[in-house]
Structure formats: structure tokens, C-alpha cells
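Working notes, structure below.
FYI, the numbering just counts along the sequence from 1.
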Amino acid sequence: MPLRYTTLLTLVSALLQPPGVLFVLAALGWLAEIVGWRYLGRVLMLLALGTLYFFSTAIGARLLLLPLEDRYPPLTKPLHGADTPQAIIVLGGGEVIQSPGSNQETANARTLVRLLAAAQLARQTGLPIIPSGGAPRLGAPAEALTMEFILRQDLGVQSTIWPETQSYNTAANATDSAAILAEHHGHQAYLVTSALHMPRAVAWFHRAGVKVVPVPTDYRLDRVNGLRLESWLPRAIYLEISSEASHEYLGLLWLWIQEQGVGGGH
């Protein structure tokens with residue numbers, strides 16, 4: 001996969017989700033002011049500011065997040081019978097590169113939560129694990145190898161591990177993991193990833209021909225009901241959640257475009 005293409009995708013994604021899209025909106029408002037379209041310019045800048053505030057609150061973040069996280073219920077116990085999966089696929093969620101006190105990559109908090117869920121499921125079922133994730137940068141080891149190390153050394157997993165080391169996004173996670181699963185005569189798997197990422201991941205795995213049992217984890221917000229004063233206070237963590245949720249909606253939109261036959265990549 002050309003680095004130039006992945007860099008372009010990252011740039012476009014950053015500009016289409018908050019806060020990037022709001023900076024673009026404010027910049028357009030500023031330009032409109034300069035060319036004399038004062039009313040339009042002020043509307044655009046106020047819209048950018050108001051949206052930034054709303055998505056920085058718990059109310060705004062929940063509005064975007066909960067439809068994604070609640071799409072699939074938590075797995076309460078492993079399946080048995082004819083529909084029993086043949087493997088556990090766990091998707092990488094990022095790494096910390098050369099953290100203090102270490103000269104090698106380690107999983108970030110999101111990936112660790114996913115690995116914890118996969119390890120627990122592996123102990124319950126004895127199924128092999130497919131950690132999925134390619135190299136985060138040129139010359140670096142694949143994320144799947146870091147995940148395999150943690151599963152073995154830190155989480156004590158004894159099951160067979162088949163690392164998938166080539167993927168660069170969710171679509172590639174699906175196609176490359178499906179190939180490994182097919183090599184071992186499998187067609188169904190548990191799929192472990194963050195709850196907000198699960199709808200897009202399930203869609204890509206279905207497209208790759210893999211029947212998956214969702215195992216959502218890494219929930220971002222609690223389910224406390226009711227409005228409180230702090231629900232309306234802006235915080236950076238809520239803007240981050242809103243940005244991540246927006247990224248998922250953009251990914252689902254891109255999948256829909258792919259299914260309509262527009263565009264040629266993943």
C-alpha cells in the first residue's frame with residue numbers, strides 16, 4: 001500500500017471530522033468576511049463555534065457515540081453448537097512508539113482493552129487468536145506482533161496465535177484476516193474491537209465473507225441517565241469522543257460508497 005495514499009486518506013479524514021472540519025468551516029467564514037460576504041461569514045464562524053461547543057459536551061458526544069456503541073450487545077458467554085466460531089479475531093487500535101523506559105513499541109490503552117477481552121475469551125474457549133494490524137510506520141514491526149507478545153508474555157494466553165501483519169485499515173483487517181481464517185478452513189470467528197468501531201468492522205468482515213460474532217469492548221461513556229450541569233460543560237475528552245465517532249460515521253459512509261460501486265479502494 002503506497003504511503004502517499006494512506007497519508008492522503010489520513011489528511012482527508014482529519015479535515016472531515018471534528019475539530020478539523022470546524023476549522024475549515026471557520027476559515028471559510030473568515031474568507032467570506034474578507035471578500036465582503038459578512039453575513040455568510042459570521043454565520044459560518046458562529047456555526048463552527050457552536051458545533052465545537054456542542055461536540056465538546058457530554059450531550060453532544062453521547063448523541064454521536066451511543067448509536068454506534070449500542071448496535072451490538074455485549075457477549076455474555078461463548079457460543080456452543082453448530083454456529084461455534086473457529087477463531088478469535090482481535091483488531092489493533094494503535095501503539096505507543098518508544099515510550100519512556102522502553103525502546104520498542106507497546107500497545108496503547110485501546111488495544112490493551114481489546115487484548116484483555118480476547119485473552120479472556122481464549123481462556124474460555126481455547127480457540128486460536130488472530131491479532132490483526134500491520135506496521136504503524138515504515139521499518140517498524142507489525143502491530144500484530146506487539147499484540148502477540150502481550151498476549152503471550154503479559155496475559156498468559158496459551159492458545160495458538162496466527163498474527164495478521166499486513167493490514168493498514170479496517171477493510172484490510174477484514175480481507176487479510178479472512179485469508180488466514182480460510183487457510184485453516186474457518187469461516188466464522190469472534191470479532192473483538194471497540195464498541196464504537198464494531199458496526200464498521202462487522203460490515204467489512206461480512207463483505208470479506210466472514211461470519212462474525214461481535215464481542216464489543218472498550219466502551220467510552222457510562223450509561224448514567226439524566227442531565228446534569230457538567231453534561232453541558234465543554235471538555236477535551238468529549239471532543240475526542242465526538243471526533244472518533246465522526247470518524248466511524250465517515251467510514252460507514254465510505255463503505256456505502258464502495259457498495260454503490262464508486263471508487264476503487266478500501
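Relative ring orientation between Trp162 and His184 is described as parallel, the plane-to-plane angle staying below 30° on a 0-90° scale split at 30° and 60°.
Between Pro163 and Glu148, the closest heavy-atom pair is CG-OE1, 3.4 Å. Closest non-hydrogen pair, Pro131 versus Ala144, comes out as O-CB, 3.3 Å. Across Leu155 and Ala119, no two heavy atoms sit closer than the pair CD1-CB, 3.9 Å. The two residues Ala118 and Ile129 have their closest heavy-atom pair at O-CD1, 4.1 Å. Of all heavy-atom pairs spanning Tyr72 and Pro199, the tightest one is CE1-CA, 3.9 Å. When every heavy atom of Glu105 is checked against every heavy atom of Thr146, the shortest pair comes out as O-CG2, 3.7 Å.
Using a distance-only test at 3.5 Å, with no hydrogens or angles considered, a donor-acceptor pair links the side chain of Asn108 to the main chain of Gly93. In terms of modelled atom types and a separation under 3.5 Å, the side chain of Thr111 and the main chain of Gly94 share a donor-acceptor contact. Side-chain N or O atoms of Tyr190 include none that pairs as donor or acceptor with a backbone N or O of Pro78 at under 3.5 Å. Using a distance-only test at 3.5 Å, with no hydrogens or angles considered, a donor-acceptor pair links the side chain of Arg152 to the main chain of Val157. A donor-acceptor distance shorter than 3.5 angstrom exists from the side chain of Ser159 to the backbone of Leu127, with no hydrogens or angles considered. Between the side chain of Gln124 and the backbone N or O of Lys77 there is no donor-acceptor pair closer than 3.5 Å. In this structure, the side chain of Gln188 engages the main chain of Asp83 through a donor-acceptor pair within 3.5 Å. Side chain of Thr57 to backbone of Gly60: a donor-acceptor contact under 3.5 angstrom is found. Side chain of Tyr238 to backbone of Phe54: no donor-acceptor contact under 3.5 angstrom is found. Checked by atom type and distance alone, the side chain of Ser243 pairs as donor or acceptor with a backbone atom of Pro18 at under 3.5 Å.
The CD1 atom of Ile89 sits 8.5 Å away from atom CD1 of Ile180, with the distance rounded to the nearest 0.5 Å. In this structure, Leu68 CG and Ile241 CD1 are separated by 12.0 Å, a value rounded to the nearest 0.5 Å. The CG atom of Leu40 sits 9.5 Å away from the CE atom of Met45 when rounded to the nearest 0.5 Å. Atoms NE2 and CD, on His187 and Gln86 in that order, are 5.0 Å from each other to the nearest 0.5 Å. Residue Leu115 holds its CG atom at 13.0 Å from CD of Gln120, rounded to the nearest 0.5 Å. In this structure, CG in Asp70 is found 11.5 Å from CG in Leu196, a value given to the nearest 0.5 Å.
Inter-residue side-chain proximity for Met147 and Ile130 is flagged as unmet; no heavy-atom pair is nearer than 4.5 Å. Residues Pro214 and Leu191 fail the side-chain proximity criterion, which asks for heavy atoms closer than 4.5 Å. You'll find the side chain of Arg220 reaches within 4.5 Å of the side chain of Ser194, heavy atoms only. Between Arg200 and Trp254, every side-chain heavy-atom pair lies at or beyond the 4.5 Å cut-off.
Transitive grouping of hydrophobic side chains (ILVMFWY, heavy atoms separated by less than 4.5 Å) brings Leu52 and Tyr249 into a common cluster. When hydrophobic clusters are built by joining Ile, Leu, Val, Met, Phe, Trp and Tyr residues whose side-chain heavy atoms come closer than 4.5 Å, directly or via intermediates, Ile34 is not grouped with Leu47. Tracing side-chain contacts under 4.5 Å through hydrophobic residues (I, L, V, M, F, W, Y), one reaches Leu15 starting from Leu28; they form part of the same cluster. Under a hydrophobic clustering in which Ile, Leu, Val, Met, Phe, Trp and Tyr are joined whenever their side-chain heavy atoms come within less than 4.5 Å, directly or via other members, Ile150 and Leu121 fall into the same cluster. Linking ILVMFWY side-chain heavy atoms closer than 4.5 Å, directly or via other members, places Val213 and Ile88 in a single hydrophobic cluster.
Other residues, nucleotides and ligands contribute more than 12 heavy atoms inside 6.0 Å of the CZ atom of Arg123. The number of heavy atoms from other shown groups lying within 6.0 Å of CD (Gln166) does not exceed 12. Residue-environment remark: CZ (Phe23) stays at or below the threshold of 12 foreign heavy atoms within 6.0 Å. Other residues, nucleotides and ligands place no more than 12 heavy atoms under 6.0 Å from the CZ atom of Arg38.
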Steps toward side chain to side chain contact (heavy atoms under 4.5 Å, CB included) verdict (Glu69, Glu248):
CA-CA 11 Å; Glu69 287 199 336; Glu248 293 305 316; over 6 Å; no
Side chain to side chain contact (heavy atoms under 4.5 Å, CB included) assessment of Thr193 paired with Arg114:
CA-CA 6 Å; Thr193 189; Arg114 298 178 187 182; 3.2 Å; yes
Assess the residue pair Ser177 and Phe205 against the criterion (side chain to side chain contact (heavy atoms under 4.5 Å, CB included)); give the C-alpha distance rounded to whole Å, side-chain angles, the decisive distance to 0.1 Å, and a yes or no.
CA-CA 9 Å; Ser177 297; Phe205 273 86; 3.9 Å; yes
Going through the distances and angles, do Leu255 and Arg207 end up as a side chain to side chain contact (heavy atoms under 4.5 Å, CB included)?
CA-CA 10 Å; Leu255 174 60; Arg207 194 177 187 206; 4.1 Å; yes
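With sequence neighbours excluded, no residue forms a salt bridge (Lys or Arg N to Asp or Glu O under 4.0 Å) with Glu143.
Taking the charged nitrogens against the carboxylate oxygens, Arg110 and Glu244 do have a contact shorter than 4.0 Å, which makes a salt bridge.
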